[in-house]
Amino acid sequence: MPVYVDREAPKLWRKICTETFLEISLLEENWKLIFAGLVFQYIHGLAAHGVHYLHRPGPTLQDAGFFLLPELGPDKNYMSETVFTIIFCSFVLWTFHPFVFQCKRIYTVLIWCRVFAYLVVSQSLRIITFYSTQLPGPNYHCREGSKLARLPRPESLLQVLLINFPQGVTYGCGDLIFSSHMIFSLVFVRTYQKYGTRRCIKQFAWLLAVAQSLLIIASRKHYTVDIVVAWYTVNLVVFFVDKKLPELPDRSAGFTALPLLPLSTRDKDGKNKEEHQNLLNGNSVTIPD
């Protein structure tokens with residue numbers, strides 16, 4: 001159904017309306033991919049919760065990172081989570097910037113289709129890996145003597161399917177190789193590296209990813225091998241998935257015009273229909289003041 005934007009409406013509101021209409025059109029074509037990616041996030045969480053039932057606490061393994069980095073202690077576990085939250089929230093906001101900013105390279109729906117492809121492949125490899133071998137968790141709640149280190153047999157299937165939320169998500173054990181936090185961070189940083197425009201932000205994003213890696217090890221949430229495997233696995237996944245997927249259309253050569261949509265009921269003529277078709281085809285047009 002066409003959306004009509006009054007010519008006198010504020011420019012920002014016209015941008016938002018136009019971009020929303022365009023993204024809805026893309027979502028109608030790609031909603032199955034987005035939905036499948038979201039469903040797999042639950043499957044990944046369910047698998048991570050399931051391996052907790054298999055976890056057996058034991059002595060912390062010898063680790064080079066533990067030897068080199070001083071232990072932060074349980075009271076400073078929030079530091080790595082803070083860095084992860086910054087990366088996560090910043091990336092999500094960036095993917096929605098086409099709704100507000102005039103200069104844009106990406107379509108929000110298409111970039112999330114690609115991100116979910118990266119995540120699903122990486123998380124599938126992660127599930128296979130941590131179910132293959134269960135290591136004694138180095139985190140404080142996974143060590144011998146902790147009541148959370150082992151889970152009792154579930155009383156019902158519903159208890160398993162609900163992942164004991166939120167405690168089951170926060171205090172998981174056994175899903176070590178490789179780090180889920182690093183999967184998300186590296187996928188987001190690699191995506192911005194390719195489709196972002198600010199060089200300084202790209203450099204800062206890589207710096208945050210390195211800082212998060214060190215903080216995770218210093219917080220004893222993962223062994224160093226979990227971080228190292230994440231770094232090369234995710235980068236290889238992104239590389240090979242990009243080889244298989246078609247390249248995303250680049251909008252930086254121009255920008256979407258607001259009047260591509262009919263401006264009022266009086267303007268519904270053949271010219272506007274032709275311009276609207278150009279919008280869906282990704283052609284660039286100039287925005288009049």
Side-chain angles (χ1 to χ4, degrees), residues 19-51 81 84-99 104-131 160-166 168-170 172 175 177-196 205 208-209 212 226 229-251 280 282:
E19 194 69 27
T20 300
F21 178 74
L22 173 59
E23 294 290 349
I24 288 175
S25 300
L26 293 172
L27 185 60
E28 289 175 349
E29 299 175 4
N30 299 281
W31 70 269
K32 292 181 180 179
L33 298 176
I34 299 289
F35 181 72
L38 290 172
V39 169
F40 195 84
Q41 299 313 298
Y42 168 74
I43 295 174
H44 174 250
L46 185 64
H49 180 62
V51 80
E81 296 297 331
F84 175 74
T85 302
I86 292 172
I87 296 174
F88 188 93
C89 294
S90 300
F91 180 80
V92 172
L93 289 174
W94 170 74
T95 61
F96 285 93
H97 83 273
F99 287 85
K104 59 197 79 174
R105 283 191 62 188
I106 63 168
Y107 296 94
T108 301
V109 170
L110 298 184
I111 203 72
W112 276 107
C113 287
R114 184 156 297 234
V115 166
F116 278 127
Y118 299 149
L119 290 176
V120 168
V121 176
S122 299
Q123 290 168 337
S124 298
L125 294 174
R126 180 175 188 257
I127 292 171
I128 294 171
T129 306
F130 66 61
Y131 268 103
V160 177
L161 295 177
L162 293 178
I163 319 180
N164 194 23
F165 187 84
V169 175
T170 309
D175 56 327
I177 302 177
F178 41 98
S179 169
S180 178
H181 281 60
M182 291 309 304
I183 290 178
F184 279 96
S185 294
L186 291 171
V187 164
F188 292 166
V189 172
R190 278 294 303 259
T191 303
Y192 186 81
Q193 175 69 32
K194 184 172 183 179
Y195 299 105
L208 284 179
Q212 182 186 329
D226 307 337
V229 172
W231 270 88
Y232 66 73
T233 301
V234 174
N235 279 286
L236 287 172
V237 165
V238 171
F239 175 80
F240 284 109
V241 170
D242 274 341
K243 293 288 187 181
K244 295 294 183 180
L245 295 181
E247 189 52 71
L248 296 183
D250 188 352
R251 307 175 73 180
L280 295 180

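Positions are given from 1 along the sequence.
- One distance of note links CG of Leu26 with CD1 of Ile111; it measures 12.0 Å at 0.5 Å rounding.
- Side chain of Glu23 to main chain of Val109: a donor-acceptor pair is present (N/O by atom type, distance under 3.5 Å, no hydrogens or angles).
- Interatomic distance, CG of Asp175 versus OG1 of Thr129, reported as 11.5 Å (0.5 Å rounding).
- One distance of note links CG of Asp226 with CZ of Phe130; it measures 11.5 Å at 0.5 Å rounding.
- Using a 4.5 Å heavy-atom cutoff, the side chains of His44 and Ile127 are in contact.
- Listed here is the closest heavy atom pair of Phe40 and Ser124: CZ-OG, 3.2 Å.
- Donor-acceptor pairing under 3.5 Å is recorded for the side chains of Asp242 and Tyr118.
- When all heavy atoms are compared, the tightest approach of Phe84 to Ser185 is CD1-OG, 3.4 Å.
- Between atom CZ of residue Phe88 and atom CD of residue Glu81 there is a gap of 12.0 Å, rounded to the nearest 0.5 Å.
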Run the numbers on Glu19 and Phe96 for side chain to side chain contact (heavy atoms under 4.5 Å, CB included), then give the verdict.
CA-CA 10 Å; Glu19 194 69 27; Phe96 285 93; over 6 Å; no
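- Aromatic rings from Trp112 and Phe91 are positioned such that their centres are separated by under 6.0 Å.
- Among all heavy-atom pairs drawn from Gly37 and Val120, the shortest one is CA-CG2, 4.4 Å.
- Between Leu248 and Arg114 the shortest side-chain heavy-atom distance falls below 4.5 Å.
- By the 4.5 Å heavy-atom criterion applied to side chains, Phe99 and Thr20 are counted as neighbours.
- Atom OG of Ser179 and atom CD of Gln212 lie 7.0 Å apart (nearest 0.5 Å).
- Counting heavy atoms from C-beta outward, Trp94 and Ser90 have side chains that stay 4.5 Å or more apart.
- A side-chain donor-acceptor contact under 3.5 Å links Tyr42 to the backbone of Leu161.
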